[in-house]
Participant: 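Dropping a structure here in structure tokens format, bear with me for questions.
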Protein chains: 2
Amino acid sequence: MATLDEVRLDRTSAQPLWAQLHADLLRRLEAGEFTRGFPAEGELREEYAVSRHTVREALRRIRAAGLVRSGRGRRSEVLATTIEQPLGTLYSMFAEVESQGLAQTSTVLRCGITKNEQAATALGLATDTDLFGLERVRLADGMPLAHDDVWMPASVAAPLVSSDFTRTALYTELERHGMSRPDGGRERITATLLGPEQAQQLGVRSPTAALLIERTGTLEGQPVECRRTTVRADRYALTMSFGPNGYHVGR
Amino acid sequence: MATLDEVRLDRTSAQPLWAQLHADLLRRLEAGEFTRGFPAEGELREEYAVSRHTVREALRRIRAAGLVRSGRGRRSEVLATTIEQPLGTLYSMFAEVESQGLAQTSTVLRCGITKNEQAATALGLATDTDLFGLERVRLADGMPLAHDDVWMPASVAAPLVSSDFTRTALYTELERHGMSRPDGGRERITATLLGPEQAQQLGVRSPTAALLIERTGTLEGQPVECRRTTVRADRYALTMSFGPNGYHVGR
DNA sequence: GGGCAGCAATAGTACGTACATTTAGGTACG
DNA sequence: CGTACCTAAATGTACGTACTATTGCTGCCC
């Protein structure tokens, strides 16, 4: 019952067989088809009617992406089902909060379309361009965690003015309106001394150090997001691990 | 004249042929043997007397490391001769300083073998283990940049006590004594308020925010370095870019 | 029931072949 | 002298085989 459809691969295509197989395996992984075990090389070979070499060429990339782990003698083991897009330290910080089971909410201080010279410049737009601005205090289980000020071009983010951000993440709302989240960007991380006003917003006494993260998010190379986040340093920190294969932010 | 010595590969070794070939090619790359062109697959095949498959298995890794670039029809092209190990935000920060042409020096506050309960615990050793400790203020062109306190097991780093660290980097000194620098680790980045003493050491007035980077460096999984660096946030920041293919710290 | 031996399954290594596709260079021709 | 074509070389793709090392399971024996 496994070899019903062997016709998923197009041998006349300009795309290599292994690339087609690779794409199909990624699709099936993401669909959760292999949660009860990843197929063996021989099974894939039979199912797709290709040589073992072709199967291994596709598997090589899936292994390299860290989605499955293999070893002599034992079947491949599924480690993850999606390639986690690294979206910067900010993303990983809030993901960390979430993973600790804390409820994330926000107090919205400002949400609307205005002009902002500084943010427009950072986005590479004319200084009088209409921008969507969202200013929040982010809370983890009711406890102030960060002050977040984000600007996006109104031409892109205008539909978001009517959204309720007290419980919803910006990117979730973006995707709900059919827009993509940034696929790249830059962050600048430094430390800052909290002034009386910000200290009060974050619920700490005034002369306190905080992490300041300035972020520019891009979509296909175009800057679409300019963000300034002040994070309480007494409760939260950035962690990163590194090794021969590069960096990993968080955990 | 190319096929003088074909005996570099040991077919009885437990290490795969491709791994031996891979190591030898890295060695020759680093030695600058291929600056006038990288050998073709067929030439390597002949020189090492292995199959094309084995050659390609080794080349695959060299390509993945970004050392050479290949393409249909044209010979492989050498892009770089050494693998740049990412050594964390700290490393990239000081590399940045260097790349700006600033002279890096240090004021050594302490350098010797003592015991340190906290550091020993962080290194996973008994609390009464002898440790090599080095405390410095790091300067860029004479201007204080960071306060750096690093601990390593004395069993590893004892030869370093007689080194002069006013102008030499720790890792350079490590390698001069035939030891390897860490190949991985973890960093924890947070913000801190400088006390009067540290503020004076860094040449700032007292209530100032600074970046605090706590780092554990490992070599082959074993912790070998425990570091605590306080960086002036008014002049220096961490920058990182990220995209679909992962993070890049610095620049 | 526990431990050990053997076996089958599986991925890793290593060899072979053939053809496709692209690039670079040389040659012939206008 | 330049262009167009052809050819050789190189890597990419795709197939085949065989053996090895490791794992996990099965079944036997104590």
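Quick caveat, the model's predicted, so the values are computed rather than measured. Proteins get letters first, then strands, A, B, ... in listed order; numbering begins at 1 in each.
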Participant: For a quick check of understanding: with a heavy-atom distance under 4.0 Å over all strands, which category does B/Arg11 fall into, base, sugar-phosphate or nothing?
Facilitator: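 Sugar-phosphate, backbone atoms only, no base.
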Participant: At under 4.0 Å between heavy atoms, which parts of nucleotides 3-11 of chain C does protein reach? Answer with one letter per nucleotide, 5' to 3': B base, S sugar-phosphate only, - none.
Facilitator: -------BB
Participant: State the CZ-CG distance between B/Arg63 and B/Leu79, to the nearest 0.5 angstrom.
Facilitator: 11.5 Å
Participant: So B/Tyr48 and B/Leu25, side chain to side chain contact (heavy atoms under 4.5 Å, CB included) or not? Walk me through it.
Facilitator: CA-CA 11 Å; B/Tyr48 287 92; B/Leu25 289 176; 4.2 Å; yes
Participant: Separation of A/His53 atom NE2 from D/dA18 atom C1', in whole Å?
Facilitator: 17 Å
Participant: Distance check needed: C/dT21 P versus A/Gln15 CD, whole Å only.
Facilitator: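 From A/Gln15 CD to C/dT21 P: 15 Å.
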Participant: When rounded to the nearest 0.5 angstrom, what is the spacing between CG in B/Leu21 and CZ in B/Arg45?
Facilitator: 12.5 Å
Participant: Taking only N and O in the side chain of B/Arg45, is any of them less than 4.0 Å away from OP1 or OP2 of C/dA14?
Facilitator: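 Negative; the distance criterion is not met.
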Participant: What is the distance, to the nearest angstrom, from the NE2 atom on A/His22 to the C1' atom on D/dT13?
Facilitator: 16 Å
Participant: May I have the distance from B/Leu44 (atom CG) to D/dA10 (atom P), rounded to whole angstrom?
Facilitator: 11 Å
Participant: Do A/Arg227 and A/Tyr171 meet the cation-pi criteria used here (NZ or CZ under 6.0 Å from the six-membered ring centre, within 45° of the axis)?
Facilitator: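 Yes, A/Arg227 sits over the ring of A/Tyr171.
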Participant: Quick one: is D/dT13 close enough that its OP1 or OP2 comes under 4.0 Å of any side-chain N or O from A/Thr54?
Facilitator: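 So the side-chain polar atoms of A/Thr54 never come under 4.0 Å of the phosphate oxygens OP1 or OP2 of D/dT13.
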Participant: Looking at B/Asp148 and B/Arg136, is there a salt bridge between them, counting it only when a charged N and a carboxylate O are closer than 4.0 Å?
Facilitator: yes
Participant: Please report, rounded to the nearest Å, how far the P atom of C/dG12 is from the CD atom of A/Glu57.
Facilitator: 13 Å
Participant: Check whether more than 12 heavy atoms from other residues, nucleotides or ligands sit under 6.0 Å from atom CZ of A/Arg61, and answer yes or no.
Facilitator: yes
Participant: Starting at CZ of B/Arg69 and ending at C1' of C/dT23, how long is that distance when rounded to a whole Å?
Facilitator: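 These atoms are roughly 14 Å apart.
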Participant: Tell me the interatomic distance from B/Tyr48, atom OH, to C/dA14, atom C1', rounded to whole angstroms.
Facilitator: 18 Å
Participant: Considering only residues two or more places apart or on different chains, which pairs with a residue in residues 11-24 of chain B satisfy salt bridge (charged side-chain N to carboxylate O under 4.0 Å, His left out)?
Facilitator: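 Found B/Arg8-B/Asp24, B/Asp24-B/Arg27.
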Participant: Whole angstroms only, please: what is the CZ-P distance between A/Arg60 and C/dG12?
Facilitator: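 The distance from CZ of A/Arg60 to P of C/dG12 comes to 10 Å, rounded to the nearest Å.
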